[in-house]
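Both counts, for ligands and for their atoms, begin at 1 and track the order of listing. Just so you know, residue 1 is the first one in the sequence shown, and it goes up from there.
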Amino acid sequence: MNRLARLRVEDIQAWVGEVHLSDRKGQTAYYIPVLNQVNPEVFALQIHCLEGEILSWGDETVTFPLMSVIKPFLLLYLLTHLGEDAVFRRVGKQASSYPFNSLTQLQEDCGFPRNPMINSGAIALTDLLAGETPESRCENLLLWLNEMGNCQLFLDHSVLDSVHSYPNAHNQALSLELEKNGYISHRYLALETYNRICCLSGKIADLANLGKLILASSFAEIILEIMTNCGLYEASQQFALEVGFPTKSGVSGALLSIVPKQGAIACYSPLLNEQGNSILGLNLLTYISRWMELNIR
Ligand code: GLU
């Protein structure tokens, strides 16, 4: 039985109201100026069930960059095009205990990125994309996702300019360390490709459609396992116990959860907690999980 399909807009509405009344403290991403300036109250949610039902609440027209939510799709693209051996020679599948951009984690691991959901792992994987330039590499991924996922993602140049305006020392240090240890061949190419793919943007329906692409893939099992263990960075284990859905977050406030065999939950709300995960999004997922009786704790 698809329990997800039985959720009603009224349930979501009531839960959003409750979360608003309780703790809505949080911050937008300070180090990407355009993300720091978005209206913190903007909110969108869509649930797409595999049988076709769609539940929608909030602003369906707002566009937002995927940021780190692109990471499972970079992984999906490379698994589909190159296979598991090529991908997992470049990146591990293990959870990390440090923040998403930690150099310490990478150094402790002798330059081998722990998993594809942290920045070092995604930067290492961009080195495997086909194309001579960051532009063509990003374009290849974009075109494939739009075709396969039935969505209309686009590169938001205002977000990319904003990323460029505040050079990210953490990501530069990660790229240097990866190059030093032979896990990427050109650090400029890898990092700039990474910056671009993080700025791929779309509406909430695009994000939900992307979620269904993972569910339909023959690599669903491995991707969902990695999302469960690593998708919310150092908060992943705690979240897996309390909620139980494989989920990936991005610093824009985008959040994508997959409910195996049932559907995808896409959410956008820009206020973030200390780990860089959307506060309202995580709270809503907790309500949904309890309602579906999928939580362990
Ligand atoms: N582009 C962002 C960064 O590298 C993505 C991080 C995220 O969304 O978690 O900092």
Tell me which residues fall inside the under-4.0 Å heavy-atom shell around ligand 1.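 Contacting ligand 1 under 4.0 Å are Tyr31, Met67, Ser68, Phe100, Asn119, Asn168, Asn171, Tyr194, Cys198, Tyr233, Gly250, Val251.
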
Shortest non-hydrogen contact between Leu213 and Met148, atoms and distance: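 Scanning both residues completely, I find the closest heavy atoms to be CD1-O, 3.5 Å.
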
Using 0.5 Å steps for rounding, measure from the OH atom of Tyr30 to the CG atom of Leu272.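 If we round to the nearest 0.5 Å, Tyr30:OH and Leu272:CG are 11.0 Å apart.
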
Side-chain contact test, heavy atoms from C-beta onward, threshold under 4.5 Å: evaluate it for Met117 versus Ser68 and give yes or no.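 SC-SC contact between Met117 and Ser68 ruled out.
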
Asp206/Lys203 ion pair, N-O < 4.0 Å: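 No, Asp206 and Lys203 are not salt-bridged.
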
Counterpart residues, ring pair (Phe, Tyr, Trp, His ring centres under 6.0 Å), relative to Phe112 (two or more places apart):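 In terms of ring pair (Phe, Tyr, Trp, His ring centres under 6.0 Å), with neighbours along the sequence ignored, Phe112 is linked to Tyr183.
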
Can you say whether the rings of Tyr77 and Trp144 are parallel (under 30°), tilted (30 to 60°) or perpendicular (over 60°)?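 The arrangement is perpendicular - the two ring planes meet at more than 60°.
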
